[in-house]
K.L.:
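Starting off with a structure, shown below.
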There are 2 protein chains.
Amino acid sequence: MAQPPSKDSAPTPDPLQDQPEDQPDATGSDRPGQPLVAPDVADARQRFIEGWGHYGPTWGVNRTMAQIHALLLLAPEPLDAEQVMSALNISRGNANMNLRALVDWGLVGKQLKLGERREFFVAEKDIWQVTKRIARERRKRELQPMLELLGEIKEVGADSPDPHAQALHQSVGRIRRFAGAADKVLDSVLRADETWFFKIFMRLFK
Amino acid sequence: MAQPPSKDSAPTPDPLQDQPEDQPDATGSDRPGQPLVAPDVADARQRFIEGWGHYGPTWGVNRTMAQIHALLLLAPEPLDAEQVMSALNISRGNANMNLRALVDWGLVGKQLKLGERREFFVAEKDIWQVTKRIARERRKRELQPMLELLGEIKEVGADSPDPHAQALHQSVGRIRRFAGAADKVLDSVLRADETWFFKIFMRLFK
DNA sequence: CAAAAGGTTCAGAAGCTTCTGAAAACGCTG
DNA sequence: CAGCGTTTTCAGAAGCTTCTGAACCTTTTG
């Protein structure tokens, strides 16, 4: 995180490869430049999981959590902890911890099958829901505390002649107005029904 | 990053205090519950810088970078490296590195005063510009590579009877459509003129 | 051109986060 | 209530990121 903006002029920023994961490519296909020969399913899965894991951290979930989420997104049916562990080559503790975190975030649901003691996990597959969940969390954890702080100091320096005090007061004011607006926007969007939201946006930005 | 959603029911999530920074409170004011006695300017500055630094990482800039940015946001006039170093108690190397990163991100500008060899730094004070810069960077670095990956694997499994292949194909399709829409929205917003954007939004979400 | 002032670099230190593996706890079922 | 399959916990290990401080480089000026 926080490298400076890519200065390199390479048009393709970076192949999403992360850790090559010594699980060998289950296929042997060596995808050529042309998309004529479609890469095989297992390969695509792998690439998706790596990509999702790669960008997870910038959404606020760590890499393993994101990989588990990706795995579950692609699973046609619920998986148990054991399956997650072996698919991603992670330890029991790690799997348990991150699965729980995913459940806490509301990105993954626990499912109990009758007559089964194991717990199974299913990902929320509706990406819009996923986005809303994350946005909601981050609003609560980041935007709102910041707003509160800004509210507390918004009057400071209002009527001081000192340029430092004035600069403070003005900056805080500007930021507060902006953050307040953003908060309102977010709130509306998060409350809004998906189709309503999309209808408006699709019209505006098509 | 990536703690699970706050389960604690405490309504005030967390005082933005981060590192108490043994620079003693420059004021001695002990702000009471009521905002009658406004906290003093130096105290407010400090709190703002700490808060900004605290949330920086979730925006993609690290803590020190965010603190420097905050410091510059509140400064009535350009600061040089020395001032940044002593205000935040960081080393020369650290200051240099993070200042440069801020310049690369486009969040801070270098300013040369005539007859001065030192470089001075000014923050972009327009928060909407700041937001756009960050959004633009992240779009380029995260959204677009992901879209490219999704494009490459979008056909995989399309006509396979295997449920794994089908699940893959469907998930990838859903995510790709969503990401594509998000990308278009972002693009429009980023191109758009500030006032235009705000006009529409303020109308929609007031 | 020597000294001074400022900027840059980088190897190692410090600090955080995440992961592992093993032990403990849990909760059925016979 | 013993045994078993499963989940949870946690101390230490591993790995990453960031920070420091000192050496190095560059530019200006007496």
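Every chain is numbered from 1, with letters handed out A, B, ... down the list of sequences.
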K.L.:
Can we say Asp104(A) and Arg100(A) salt-bridge, meaning some charged N sits less than 4.0 Å from an Asp/Glu carboxylate O?
P.N.:
no
K.L.:
Figure out the CG/C1' separation between Asn89(A) and dG21(C), and round it to whole Å.
P.N.:
15 Å
K.L.:
Are OP1 or OP2 of dC19(C) and a side-chain N or O of Asn98(A) less than 4.0 angstrom apart?
P.N.:
yes
K.L.:
Of the options dT8(C), dT7(D), dC19(D), whose atoms approach the side-chain atoms of Glu119(B) most closely?
P.N.:
dT8(C)
K.L.:
Kindly say if Asn62(B) contacts the phosphate of dT18(D), meaning a side-chain N or O under 4.0 Å from OP1 or OP2.
P.N.:
yes
K.L.:
What is the distance from NZ of Lys113(A) to C1' of dT6(D), rounded to the nearest Å?
P.N.:
16 Å
K.L.:
Checking contacts here: which listed nucleotide (dT20(C), dC19(D), dT8(C)) is nearest the side-chain heavy atoms of Met97(B)?
P.N.:
dC19(D)
K.L.:
How many whole angstroms separate atom CG of Leu88(B) from atom P of dT18(D)?
P.N.:
16 Å
K.L.:
Taking the six-membered ring for Trp and the single ring otherwise, decide whether the centroids of Phe48(B) and Trp52(B) are under 6.0 Å apart.
P.N.:
yes
K.L.:
Give a yes or no on whether a salt bridge exists between Arg174(B) and Asp126(A), defined as a side-chain N under 4.0 angstrom from a carboxylate O.
P.N.:
no
K.L.:
Rounded to whole Å, how long is the line connecting atom CD1 of Ile90(B) with atom P of dA22(D)?
P.N.:
17 Å
K.L.:
From CD of Glu116(B) over to C1' of dA5(C), roughly how many Å is that when rounded to an integer?
P.N.:
11 Å
K.L.:
Look at Thr64(B) and dC19(D) and indicate whether a side-chain polar atom (N or O) is within less than 4.0 Å of OP1 or OP2.
P.N.:
yes
K.L.:
Closest heavy-atom contact between Ala75(A) and Ala167(B)?
P.N.:
C-CB, 4.3 Å
K.L.:
What is the distance from CZ of Arg63(A) to C1' of dT20(C), rounded to the nearest Å?
P.N.:
15 Å
K.L.:
What integer distance in Å separates Leu99(A):CG from dT8(D):P?
P.N.:
9 Å
K.L.:
Among dT8(C), dT8(D), dG6(C), which is the nearest nucleotide to the side chain of Arg92(B)?
P.N.:
dT8(C)
K.L.:
Separation of Arg118(A) atom CZ from dG5(D) atom P, in whole Å?
P.N.:
12 Å
K.L.:
What's the closest nucleotide to the side chain of Ala81(B) if the choices are dG7(C), dT20(D), dT18(D)?
P.N.:
dG7(C)
K.L.:
Sequence neighbours left out, what pairs pass salt bridge (Lys or Arg N to Asp or Glu O under 4.0 Å) with at least one residue falling in residues 64-80 of chain A?
P.N.:
Asp80(A)-Arg118(A)
K.L.:
For dT9(C), take OP1 and OP2 only and decide whether either is under 4.0 Å from a side-chain N or O of Arg100(B).
P.N.:
yes
K.L.:
Verify the contact: side-chain N or O of Asn96(A) to OP1 or OP2 of dT7(D), cut-off strictly under 4.0 Å; return yes or no.
P.N.:
no
K.L.:
Check every strand shown and say whether Arg117(A) touches a base, only sugar-phosphate, or nothing at a heavy-atom separation below 4.0 Å.
P.N.:
base
K.L.:
Between Phe120(A) and Asn94(B), which has a closest nucleotide on DNA chain D that is more 5'?
P.N.:
Phe120(A)
